[in-house]
Amino acid sequence: MWDFKHCTVYQIYCKSFQDSNGDGIGDLNGILYRLPYLKELGVEYIWLTPFFLSPQNDNGYDVMDYRETDPVYGSMQDFEMLVKRADACGIGIILDMVFNHTSTQHQWFQKALKGDQYYKNYYIWKDQNPDGSLPTNWESKFGGPVWEYVPQYRQYYLHLFDKTQADLNWRNPNVRHEMRDILRFWMGKGVKGFRFDVVNLLSKPEKYENDFEGDGRRFYTDGPDIHEYLRELCAEVNDAGLITVGEMSSTSIEHCIRYSNPKERELSMCFSFHHLKVDYRQQEKWALQPPDFMQLKKLLNDWQLGMQNGDGWNALFWSNHDQPRILSRFGNDQEYHSQSAKMLAAVMYLMRGTPYIYQGEEIGMTNAYFEDISQYRDVESINYYNILSGKGIAKEEILNILQERSRDNSRTPMQWDSGENAGFSSGTPWLAVNPNHNRINVQSVMQQPDSIFAWYKQLIQLRKQSDTVALGSYKPLLEENNSVFAFCREYNESRMLVIANFTADHVQVLLPEEETHAMQCIMSNYYTRSCSRQMSLKPYETIICQNR
Ligand code: TEU
Ligand code: CA
């Protein structure tokens with residue numbers, strides 16, 4: 001088996017991948033059925049989003065029992081079979097552990113509500129202020145305050161996300177013990193890794209104070225004891241050689257170096273999100289702005305260089321189940337559908353780090369373009385529809401914002417074929433299928449040798465085989481160019497050059513002489529061509545060159 005630097009991970013949002021029993025909801029047996037597809041793509045790991053018992057208020061990120069499967073996704077036997085069959089295809093399963101909070105339906109929280117002090121101390125409780133105000137003025141990530149009142153205690157519990165997702169008290173050693181035990185349980189089932197949800201929010205401050213500059217995040221992001229918690233949590237997982245990835249909310253390069261530098265023995269790698277906020281107006285998700293390319297380039301370059309200098313490791317990604325489709329966002333999902341999809345993939349997945357492909361990205365799936373609020377399912381979208389309406393913003397404008405920003409954009413069912421419900425389900429899908437499945441689907445890419453899918457396959461193979469891609473150093477090029485992203489990877493004597501036009505215009509580039517010397521083009525999204533100092537790039541053109 002390859003180390004994780006040569007590997008690619010494929011993210012499966014179970015609910016939307018493949019339904020096997022006609023209830024309109026994707027499930028574990030659906031994934032089993034589609035394993036040959038993933039084997040064909042060539043990925044080494046599947047990151048599987050939560051399928052644990054849950055009331056599904058946040059689609060499984062509200063866990064009720066960490067050791068049970070939700071029957072809607074299948075049984076424990078189904079899961080065990082999936083692990084076994086995936087293993088036979090050379091694919092390891094990475095589980096998604098949501099350890100910052102539990103569902104308020106979890107028996108720990110239920111016992112806490114019934115007066116059990118042992119379990120009450122699993123969560124975070126605060127008194128009302130003497131003047132009757134909330135413990136702090138912090139805002140929940142899904143809108144509204146982070147505090148929910150419980151009359152029998154005359155106290156509030158903390159929830160950074162939905163009010164049905166109560167934050168766990170990681171200062172309590174019993175909580176930390178439970179979590180290690182849960183990891184042990186799943187390691188026993190043969191999983192090959194863990195993704196830890198919002199893991200840099202686990203360590204809360206000693207004192208809770210009002211935030212007059214922001215929403216409160218500066219008090220609990222990368223908190224005081226976080227590195228210690230991670231070392232403790234992952235000690236056995238690391239000893240067993242499993243892969244771990246932390247989802248880091250609003251973090252810094254300095255912290256991510258500590259999280260992922262192998263000497264620290266915390267995690268294998270980190271997801272960070274700064275590059276996915278370059279189209280937020282003044283850091284505000286619900287305010288639109290066209291993507292700022294120069295900022296995108298600077299952020300990606302800074303993270304590449306910063307993590308390289310500190311011996312940290314990035315998880316490389318454009319998309320996941322919380323982000324709109326990248327093709328509709330930084331690419332062009334109409335005229336240059338295929339070219340821009342390939343260009344984006346080449347840029348991200350040839351950087352230094354481990355690639356994470358989100359289901360459907362490899363066939364060029366796009367945003368949903370829903371036109372009515374009734375089509376949305378996500379708790380965040382629905383909350384913000386109400387919040388923005390309350391602020392007096394016109395309905396049409398809110399719908400425009402949701403078309404760009406809703407998490408449901410990436411959650412529409414996987415498009416397998418052009419038939420009814422896109423081959424996802426024989427019943428009514430829980431979230432509408434994108435009508436463009438008649439053009440964009442797995443069946444059709446399989447028939448095209450130059451498809452987006454074929455391009456992804458090639459990139460995955462390249463990483464498997466090339467130490468330059470997997471292990472090489474990263475150096476940004478053309479940093480001042482406001483249309484082109486370019487960088488060089490180097491390992492011993494071998495060098496790779498990636499050049500990408502992020503615009504729909506033809507652009508000229510002039511590269512330094514030493515960068516193009518003895519270089520040959522190995523991949524291009526128009527046609528294979530030579531590599532020279534001076535080039536004219538077509539709309540969204542990308543070329544990948546190598547010396548050899
Ligand atoms: O997401 C964390 C999270 O902070 C994002 O939803 C974030 O708000 C968004 O990306 C803003 O850009 C994780 C899970 O991935 C998400 O699905 C869950 O809803 C959330 O944690 C709570 O568990
Ligand atoms: Ca199902």
Side-chain angles (χ1 to χ4, degrees), residues 11 13-33 47-52 54 56-63 69-75 78 96-103 139-143 146 159-168 195-202 215 217 220-221 245-251 271-280 283-287 315 317-324 329 356 358 377-384 404-411 413 421 424-430:
Q11 184 193 347
Y13 196 67
C14 193
K15 199 168 186 178
S16 304
F17 192 62
Q18 176 69 62
D19 176 22
S20 72
N21 61 352
D23 64 358
I25 300 174
D27 45 49
L28 296 169
N29 281 330
I31 301 172
L32 192 78
Y33 174 69
W47 151 25
L48 190 49
T49 55
F51 54 87
F52 313 108
S54 160
Q56 305 288 339
N57 287 331
D58 187 20
N59 287 353
Y61 284 91
D62 44 334
V63 179
T69 63
D70 195 307
V72 84
Y73 295 130
S75 65
D78 296 336
D96 198 334
M97 307 317 283
V98 190
F99 283 174
N100 177 68
H101 42 265
T102 71
S103 164
E139 270 169 56
S140 142
K141 307 263 183 195
F142 294 160
V146 296
H159 63 89
L160 296 182
F161 292 88
D162 188 53
K163 64 172 185 287
T164 64
Q165 293 165 300
D167 278 57
L168 284 159
R195 177 250 188 200
F196 295 106
D197 191 58
V198 289
V199 77
N200 66 329
L201 309 185
L202 301 183
D215 61 5
R217 70 181 67 191
Y220 56 75
T221 303
V245 52
E247 187 204 22
M248 304 298 172
S249 169
S250 304
T251 187
F271 287 114
S272 67
F273 292 87
H274 301 279
H275 65 296
L276 296 176
K277 295 183 180 174
V278 299
D279 52 3
Y280 288 10
Q283 298 285 315
E284 168 57 40
K285 175 169 179 174
W286 306 100
F317 74 108
W318 281 126
S319 320
N320 66 26
H321 63 293
D322 295 331
Q323 299 290 330
R329 194 176 180 185
Y356 284 69
Y358 178 65
R377 296 286 173 272
D378 181 25
V379 55
E380 186 194 53
S381 299
I382 293 164
N383 285 354
Y384 271 98
E404 299 269 340
R405 294 292 144 86
S406 171
R407 304 195 298 180
D408 282 338
N409 279 312
S410 55
R411 298 178 180 184
N421 300 330
F424 163 70
S425 174
S426 58
T428 307
W430 71 278

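Just follow the structure's listing: the first ligand is 1, and inside any ligand the first atom is 1. Quick caveat: nothing in here was measured; it's all calculated off a predicted structure.
Checking Ser16 against Arg411 by side-chain atom types alone, no donor-acceptor pair falls below 3.5 Å. Side-chain contact, Asp167 with Asn100: a donor N or O sits under 3.5 Å from an acceptor N or O. Side-chain atoms of Thr164 and Asp62 form no donor-acceptor pair, as typed in the model, at a separation below 3.5 Å. Side-chain contact of Gln11 with Arg195: a donor-acceptor pair under 3.5 Å is absent, judged by distance alone. A donor and an acceptor atom, one from each side chain of Ser75 and Asp78, are located under 3.5 Å apart. Counted by atom type alone, Tyr61 and Asp162 present zero donor-acceptor pairs between their side chains at under 3.5 Å. The closest side-chain donor-acceptor pair between Asp27 and Ser20 falls under 3.5 angstrom.
Closest to atom 20 (C) of ligand 1 among all protein heavy atoms lies Phe161 CE2, 3.8 Å. Scanning the protein for heavy atoms near atom 2 (C) of ligand 1, the closest one is Val198 CG1, 3.2 Å. Scanning all protein heavy atoms for the shortest distance to atom 11 (C) of ligand 1 gives Lys285 NZ, 4.0 Å. The closest protein non-hydrogen atom to atom 14 (C) of ligand 1 is Asp197 OD1, 3.1 Å.
Near His321, the atoms of ligand 1 lying under 4.0 angstrom from a non-hydrogen atom of the residue are 14 (C), 15 (O), 16 (C), 17 (O). Taking a cut-off of under 4.0 Å to the non-hydrogen atoms of Phe142, the atoms of ligand 1 that pass are 19 (O). Less than 4.0 angstrom separates some heavy atom of Asp322 from each of these atoms of ligand 1: 1 (O), 5 (C), 6 (O), 10 (O), 13 (C), 14 (C), 15 (O), 16 (C), 17 (O).
Ion pair Glu380/Lys285 flagged as a salt bridge, since at least one NZ, NE, NH1 or NH2 atom sits closer than 4.0 Å to an Asp/Glu carboxylate oxygen. Salt-bridge annotation for Asp322 and Arg405: absent, with no side-chain N of the basic residue lying under 4.0 Å from a carboxylate O of the acidic one.
Put simply, part of Arg195 is less than 4.0 Å from ligand 1, judged by heavy atoms. Within the 4.0 Å heavy-atom cutoff, Tyr280 counts among the residues contacting ligand 1. A heavy-atom separation below 4.0 Å is found between Gln323 and ligand 1.
Between Trp286 and Tyr384, the ring-plane angle classifies as parallel under the 30° and 60° cut-offs.
Polar contact check, Arg407 against ligand 1: a nitrogen or oxygen pair lies under 3.5 Å apart.
Aromatic rings of Phe271 and Phe317 (six-membered ring for Trp) have centroids within the 6.0 Å cut-off, being under it.
Among Asp58, Asn57, Asn320, the residue whose heavy atom sits closest to atom 19 (O) of ligand 1 is Asp58. Across Arg217, Glu380, His101, Glu247, heavy-atom proximity to atom 8 (O) of ligand 1 is greatest for Glu380.
Phe52 places none of its side-chain heavy atoms less than 4.5 Å from the side chain of Tyr73.
For the Ca ion (ligand 2), protein N, O or S atoms under 3.0 Å: 5 in total.
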